[in-house]
Peer 1: 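Structure provided below as structure tokens; questions to follow.
Residue numbers count from 1 along this sequence.
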Amino acid sequence: MKKMSMLFIGFLSLLLLSACSKQAPVAENNTAKNNIAEKQTEVTTPPAHTQFVRVNGGHFELHGKPYVITGVNMWYAAYLGAPNDVGDRERLAKELDNLQSIGVNNLRVLAVSEKSDINSAVKPAVTNGFGNYDESLLQGLDYLLVELAKRDMTVVLYFNNFWQWSGGMTQYMSWIDGEPVQDPNVTNQWEAFMAKSASFYRSEKAQQEYRNTLKKIITRVNTINGKAYVDDATIMSWQLANEPRPGNSQTTAEEKQIYIDWVHAAAAYIKTLDPYHLVSSGSEGEMGSVNDLDVFVRAHATPVIDYLTYHMWIRNWSWFDKTKPAETWPSAWEKAQHYMRMHIDIAKQLNKPLVLEEFGLDRDMGSYAIDSTTEYRDNYFRGVFEFMLTSLEQGEPSAGYNIWAWNGYGRTTRANYWWQEGDDLMGDPPQEEQGMYGVFDTDASTIAILKEFNTRFQPK
């Protein structure tokens with residue numbers, strides 16, 4: 001595509017994002033951010049918004065005090081809140097009580113899913129075609145926000161998905177071009193899938209429908225407590241998508257720029273709807289930027305992205321072999337430390353908080369069984385936590401984490417461990433075997449580590 005759509009340009013112009021162009025140095029981006037922040041302080045903050053999580057340099061604040069995220073991914077939490085047969089409000093209360101008891105203060109949750117016919121996608125979905133929303137599932141989100149507020153927990157809500165397990169960007173494109181989604185779990189054509197998913201960024205129709213959905217959720221009024229979402233301090237951050245990527249391994253410089261511009265424009269649009277909540281991208285970091293660190297930096301060097309996110313998957317990225325743990329662990333851990341250090345340094349450069357919002361590891365030897373051991377996962381969690389805690393204590397912008405993922409009381413009875421509609425929802429999404437990465441309520445050793453570090457990370 002030779003030039004940006006006029007819609008994108010309008011949004012970029014709206015918030016003076018020219019300071020974040022490809023050629024602009026980081027210092028100019030920080031200046032632009034400071035200028036906008038100064039202008040915002042001239043406006044009286046509505047009383048309801050004084051309780052929001054804020055950014056102060058490389059750290060978060062809540063109620064004027066440091067706030068460190070000690071969280072979990074629980075993408076399905078809003079589903080449990082639904083008033084129909086999809087929901088399980090009794091289980092939701094038990095899960096939240098358990099998480100609160102071990103020091104979890106934040107959930108990362110899927111806000112919107114898209115109806116898909118492929119097997120590896122969750123069913124039902126929040127959207128059943130453009131503009132066709134499942135009100136029961138939206139009421140599940142309402143209910144979740146009310147329950148989180150009771151427990152002084154916050155939530156990050158993401159609106160889309162680069163991957164197929166919630167419909168996501170490829171489902172948008174399928175609705176537009178009429179071609180069925182090709183499930184990469186079946187075809188094993190991941191390069192083609194990623195190219196299709198990334199075509200979402202340059203489709204004017206997809207972007208207009210995406211913005212319609214952003215507006216639908218952000219301007220919603222909670223049907224349970226009557227509170228507008230824009231006034232709800234339980235929401236910590238709106239997030240553009242789960243793991244948005246510029247494309248596949250063949251991504252061109254032009255396509256990288258389209259992605260960067262999309263991050264800026266989408267975040268800018270959210271700020272026009274809600275200037276007080278934080279906005280984040282959902283990026284994996286360097287790995288989610290087609291291994292081009294400059295793409296990650298330029299995408300996030302804008303005042304409308306409030307903090308940085310990154311993910312770390314040592315087995316998915318072939319750093320660790322679950323069938324040869326002893327042999328591959330040392331080099332995997334070295335790479336993990338390098339990956340964390342690299343992103344911490346970028347956060348220092350941009351003077352923004354950094355959240356490691358996805359990381360996990362299989363049960364030992366890749367087992368999915370609930371009674372299998374978790375020695376290497378426990379070692380991994382402890383190592384990551386120690387590394388990040390040291391960074392935080394040194395004043396660096398390591399602002400928290402969300403483990404992937406919380407299975408809690410969920411169970412599967414299927415011999416092949418694959419999810420089917422009507423089964424318990426768990427942190428392992430339908431594109432993966434149930435039990436692959438999720439932490440169950442019975443994983444005593446893992447939970448003890450979580451509880452220990454959730455406490456140690458809290459400001460004294």
Side-chain angles (χ1 to χ4, degrees), residues 17 19-20 24-30 32-34 36-37 53-61 66-71 73 106 108 154 156-159 162 236-246 256 259-260 262-264 266-268 270-271 277-313 336-359 384 387-389 391-392 394-404 457:
L17 292 178
C20 300
V26 170
E28 291 181 11
N29 291 327
N30 287 337
K33 179 179 179 181
N34 292 337
I36 287 179
V53 176
R54 303 287 189 191
V55 166
N56 184 357
H59 305 282
F60 296 121
E61 288 186 351
Y67 186 67
V68 179
I69 299 302
T70 52
N73 278 273
N106 178 269
R108 182 170 175 261
T154 61
V156 173
L157 296 174
Y158 52 98
F159 291 110
F162 191 77
M236 172 184 152
S237 173
W238 304 116
Q239 192 163 93
L240 305 187
N242 177 58
E243 300 191 334
R245 291 186 172 192
K256 292 176 183 179
Y259 166 78
I260 292 167
W262 172 79
V263 171
H264 295 175
I270 291 174
K271 290 291 189 181
H277 278 111
L278 304 181
V279 176
S280 52
S281 69
S283 171
E284 300 155 88
E286 182 194 41
M287 191 64 72
S289 304
V290 292
N291 291 301
D292 186 339
L293 206 55
D294 182 59
V295 170
F296 178 70
V297 172
R298 290 194 291 123
H300 294 81
T302 164
V304 289
I305 292 291
D306 294 292
Y307 64 96
L308 309 184
T309 64
Y310 71 123
H311 303 179
M312 186 166 65
W313 291 104
Q337 292 176 87
H338 172 74
Y339 198 74
M340 288 187 285
R341 169 47 51 196
M342 178 169 56
H343 290 84
I344 291 169
D345 288 344
I346 291 171
K348 290 167 66 175
Q349 177 187 359
L350 296 181
N351 192 31
K352 294 186 180 186
L354 174 69
V355 178
L356 178 57
E357 64 172 20
E358 280 192 26
F359 64 106
V384 169
F387 189 98
M388 292 180 62
L389 185 59
S391 171
L392 178 65
Q394 292 174 348
E396 295 182 323
S398 294
Y401 52 83
N402 295 80
I403 68 157
W404 186 279
F457 268 90

Peer 1: Report the C-alpha distance between Tyr310 and Glu286 in whole Å, list the side-chain angles of each, state the deciding distance to 0.1 Å, and finish with yes or no for side-chain contact (heavy atoms from CB on, under 4.5 Å).
Peer 2: CA-CA 8 Å; Tyr310 71 123; Glu286 182 194 41; over 6 Å; no
Peer 1: Test your reading of the model: is there a side-chain donor-acceptor pair from Ser289 to the backbone of Asn291, 3.5 Å cut-off?
Peer 2: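 Checked: no pair found.
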Peer 1: If you take all heavy atoms of Glu284 and Tyr339, which pair is closest and at what distance?
Peer 2: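 Scanning both residues, the minimum pair turns out to be O-OH, 2.9 Å.
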Peer 1: Would you confirm whether the ring centroid of Phe457 sits within less than 6.0 angstrom of the ring centroid of Tyr401?
Peer 2: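 That pair passes the under 6.0 Å test.
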Peer 1: Please report the closest heavy-atom contact between Ser398 and Leu392, naming both atoms and the distance.
Peer 2: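 So the minimum-distance heavy-atom pair works out to O-CD1, 3.3 Å.
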Peer 1: Which distance, rounded to the nearest 0.5 Å, do you find between the NE2 of His277 and the NZ of Lys271?
Peer 2: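 Spacing of NE2 (His277) from NZ (Lys271) equals 10.0 Å.
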Peer 1: Ignoring hydrogens, what is the shortest heavy-atom contact between Pro353 and Phe60? Give both atom names and the distance.
Peer 2: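 In terms of heavy atoms, the two residues are closest at CB-CZ, 3.8 Å.
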Peer 1: Heavy atoms only: give me the nearest His300-Ile305 pair and the separation to one decimal.
Peer 2: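 Taking every non-hydrogen atom into account, CD2-CG2, 3.8 Å.
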Peer 1: Is there a side-chain contact (heavy atoms from CB on, under 4.5 Å) between Arg341 and Phe387? Walk through the geometry before answering.
Peer 2: CA-CA 9 Å; Arg341 169 47 51 196; Phe387 189 98; 4.2 Å; yes
Peer 1: Let's go through Met340 and Met388 carefully: what are the C-alpha distance in whole Å and the side-chain angles of both, what is the deciding distance for side-chain contact (heavy atoms from CB on, under 4.5 Å) to 0.1 Å, and is it a yes or a no?
Peer 2: CA-CA 8 Å; Met340 288 187 285; Met388 292 180 62; 4.3 Å; yes
Peer 1: So how far is it from Leu278 CG to Ile270 CD1, rounded to the nearest 0.5 Å?
Peer 2: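 Answer rounded to 0.5 Å: 11.5 Å.
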Peer 1: Do NZ/NE/NH1/NH2 and the carboxylate oxygens of Asp292 and Arg298 come within less than 4.0 Å?
Peer 2: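 Salt bridge flag = no for Arg298 with Asp292.
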Peer 1: To the nearest 0.5 Å, how far apart are CZ in Phe359 and CG in Asn402?
Peer 2: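 Phe359 CZ to Asn402 CG: 8.5 Å, rounded to 0.5 Å.
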Peer 1: Go through the steps for Leu354 and Tyr307 under the test side-chain contact (heavy atoms from CB on, under 4.5 Å), then give the verdict.
Peer 2: CA-CA 6 Å; Leu354 174 69; Tyr307 64 96; over 6 Å; no
Peer 1: Can you tell me how far apart CE (Met312) and CE (Met287) are? Round to the nearest 0.5 Å.
Peer 2: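 The distance works out to 11.0 Å.
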Peer 1: Can you see which heavy atom on Gly282 is nearest to which on Pro244, and at what distance?
Peer 2: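 Looking at all heavy atoms of both residues, the shortest contact is O-CD, 3.5 Å.
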Peer 1: Which heavy atom of Thr154 sits nearest a heavy atom of Asn106, and at what distance?
Peer 2: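 Scanning both residues completely, I find the closest heavy atoms to be OG1-ND2, 2.8 Å.
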Peer 1: Only one of Ile403, Leu389, Leu356 passes side-chain contact (heavy atoms from CB on, under 4.5 Å) with Val384; say which it is.
Peer 2: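 One option only clears the test, and that one is Leu356.
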Peer 1: Distance check, rounded to the nearest 0.5 Å: Asn73 atom CG versus Glu358 atom CD?
Peer 2: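 These two atoms lie 5.0 Å from each other.
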Peer 1: Within 45° of the axis and under 6.0 Å from the centre of the six-membered ring of Tyr158, does NZ or CZ of Arg108 qualify?
Peer 2: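 Flagged: Arg108 positioned over aromatic ring of Tyr158.
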Peer 1: Would you check if there is a donor-acceptor pair between the side chains of Ser237 and Ser280 at a distance under 3.5 Å?
Peer 2: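 The answer is yes; a qualifying pair exists.
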Peer 1: Given side chains that start at C-beta, do those of Trp238 and Leu157 come closer than 4.5 Å, heavy atoms only?
Peer 2: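 Counting from C-beta outward, Trp238 and Leu157 do come under 4.5 Å.
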Peer 1: What's the spacing between Ser283 OG and Phe162 CZ if we round to 0.5 Å?
Peer 2: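 Answer rounded to 0.5 Å: 11.0 Å.
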